[in-house]
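Owing to the predicted nature of the structure, the values given are computational and were not obtained by experimental measurement. Here, residue 1 is the first one in the sequence, and each next residue gets the next number.
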Amino acid sequence: MEAFLRKRFARVVHEPDGNVPPDFLADDAVAVEVRRLNQNEASTGQFRSLEESSIPLHMGMRSLLEKISLANKERAFWVSFSFRRPIPRWKDIRPWVTAQLEALRPGDKEETRTFSLGTFKLEVRAGPETCPGGFLFAGYVDHDAGGWVLAEMKRNIEICVAEKTAKILSVRTRYPTWWLVLVDLIGYGLGESDQQLFRKMIRIEHDWDRLILIDPRDHGRVMEL
C-alpha cells in the first residue's frame with residue numbers, strides 16, 4: 001500500500017498521529033485510510049470477514065491432526081472439511097471429529113469417506129502408501145463464500161465505507177482531504193468491461209474525497225468510484 005501511495009505523492013507517512021486514523025498521510029494534506037475489501041458476515045451485531053470467522057475451525061483441525069495418529073503406520077489419510085453457516089464451534093465438534101478419525105484404519109479399502117454433522121462435513125481420502133501413517137490436512141471449503149461478484153462487491157464496499165466513515169468521524173477535521181483505499185480481494189481489480197458494468201449498474205453512496213479499489217496483485221490496476 002505504501003508503494004501505491006509513493007508513486008503518487010512525494011512524502012508518505014504511516015500513522016502520522018499514532019494508532020488512530022489516518023493510516024497514512026500523503027504530502028501533509030491527504031489522509032488515507034486503508035482496508036481489505038473482503039466478504040463479510042453479520043455476527044453478534046457486527047460484521048466479520050468470512051475467513052476470520054472460519055479461523056477457529058481451520059486452526060483447530062490442524063492442531064488436532066498434529067496430535068492424533070494411527071495405530072498402524074502403513075498409510076496416511078488426507079483430511080479436509082466443508083461447512084455452511086451457522087458455523088459450529090470447534091470445541092463442540094472436536095470430540096466427534098476425533099472419533100471419526102480414530103476409527104479409521106490404514107488398511108481400509110474405501111478411498112474416500114464423508115462424515116456429516118449438521119452444517120459441517122468431514123472428508124477423508126486415502127493418502128499415498130509411501131507416506132507414513134497419520135493425517136495430512138488438505139484444506140477446507142466455505143460454501144457461503146462466493147456469489148455474484150458485482151453484488152458481493154457492492155455489499156462489502158458499503159460495509160467498508162460505513163465502518164471507516166464512523167472510524168474517522170472524530171478526527172476528520174484534522175486534514176482537508178480524505179481517501180479510502182480498498183484492497184480488492186473479491187473482484188481483484190475487475191477487468192475493464194466489468195469496471196464499466198459496475199459503474200453503470202451500481203452506485204456507492206459516500207462522502208470521501210476519493211474511493212479507490214486496487215488489485216492486490218498489481219497496485220497499478222485501480223478503479224475509482
Partners passing salt bridge (charged side-chain N to carboxylate O under 4.0 Å, His left out) against [X] (at least two apart in sequence or in another chain):
{"X": "Asp207", "answer": "Arg172"}
{"X": "Asp23", "answer": "Lys164"}
{"X": "Glu224", "answer": "Arg210"}
{"X": "Asp27", "answer": "none"}

Query raised in the report: Can you name the side chain to side chain donor-acceptor pair (under 3.5 Å) partners of Trp208, sequence neighbours left out?
Result: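 Result, side chain to side chain donor-acceptor pair (under 3.5 Å) vs Trp208: Thr165.
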Query raised in the report: Taking only residues two or more places apart in sequence or in another chain, which ones pass side chain to side chain donor-acceptor pair (under 3.5 Å) with Glu66?
Result: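 With sequence neighbours excluded, Glu66 shows a side chain to side chain donor-acceptor pair (under 3.5 Å) to no residue whatsoever.
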Compare all side-chain heavy atoms of [X] with those of [Y] and state whether any distance is below 4.5 angstrom.
{"X": "Phe198", "Y": "Leu225", "value": "yes"}
{"X": "Leu180", "Y": "Ile168", "value": "no"}
{"X": "Arg174", "Y": "Val20", "value": "yes"}
{"X": "Arg113", "Y": "Gln100", "value": "no"}
{"X": "Leu117", "Y": "Val97", "value": "no"}
{"X": "Leu101", "Y": "Leu65", "value": "yes"}
{"X": "His206", "Y": "Ile157", "value": "no"}

Report task. Any side-chain hydrogen bond (donor to acceptor under 3.5 Å, both in side chains) involving residues 117-126? Give me the pairs, sequence neighbours left out, ordered by first then second residue. Result ->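 Pairs touching residues 117-126 that pass the test: none.
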Which residues satisfy the ring pair (Phe, Tyr, Trp, His ring centres under 6.0 Å) test with [X], sequence neighbours excluded?
{"X": "Phe137", "value": "His58"}
{"X": "Phe4", "value": "none"}
{"X": "Trp178", "value": "none"}

Could you tell me which non-hydrogen atom of [X] sits nearest to which non-hydrogen atom of [Y], and how far apart they are?
{"X": "Arg203", "Y": "Glu158", "value": "O-OE2, 4.4 Å"}
{"X": "Trp78", "Y": "Ala138", "value": "CE3-CB, 4.0 Å"}
{"X": "Asp92", "Y": "Pro95", "value": "O-CD, 3.8 Å"}
{"X": "Pro88", "Y": "Phe120", "value": "CG-CB, 4.0 Å"}
{"X": "Cys160", "Y": "Arg36", "value": "SG-O, 3.9 Å"}
{"X": "Glu33", "Y": "Lys167", "value": "OE1-CD, 4.0 Å"}

Query - Test side chain to side chain contact (heavy atoms under 4.5 Å, CB included) applied to Phe135 and Leu104, step by step - result: CA-CA 11 Å; Phe135 297 102; Leu104 297 171; 4.0 Å; yes
Query raised in the report: Just wondering, are more than 12 heavy atoms of other shown residues or ligands nearer than 6.0 Å to CZ in Arg8?
Result: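 Yes, because the 6.0 Å sphere around CZ of Arg8 holds more than 12 heavy atoms from other groups.
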Interatomic spacing from [atom1] in [X] to [atom2] in [Y] - rounded to 0.5 Å:
{"X": "Ser116", "Y": "Leu122", "atom1": "OG", "atom2": "CG", "answer": "8.5 Å"}
{"X": "Ile212", "Y": "Asp184", "atom1": "CD1", "atom2": "CG", "answer": "13.0 Å"}
{"X": "Leu64", "Y": "Met59", "atom1": "CG", "atom2": "CE", "answer": "13.0 Å"}

Query raised in the report: In chain order, what residues pass the side chain to side chain contact (heavy atoms under 4.5 Å, CB included) check against Ser63, with sequence neighbours excluded?
Result: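 Partners of Ser63 under the side chain to side chain contact (heavy atoms under 4.5 Å, CB included) test: Lys67.
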Query raised in the report: For the residue pair Phe9 and Trp179, is the inter-centroid distance of their aromatic rings smaller than 6.0 Å?
Result: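 Between Phe9 and Trp179, the centre distance is under 6.0 Å.
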Distance-only criterion, 3.5 Å: show the donor-acceptor pairs between side-chain atoms of residues 10-19 and protein atoms not counting sequence neighbours.
residue: Arg11; atom: NE; partner: Asp28; partner atom: OD1; Å: 3.2
residue: Asp17; atom: OD1; partner: Tyr175; partner atom: OH; Å: 3.2
residue: Asp17; atom: OD2; partner: Tyr175; partner atom: OH; Å: 2.8

Query raised in the report: Is any side-chain N of the basic residue among Arg6 and Glu2 closer than 4.0 Å to the acidic one's carboxylate O?
Result: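 Salt bridge: yes.
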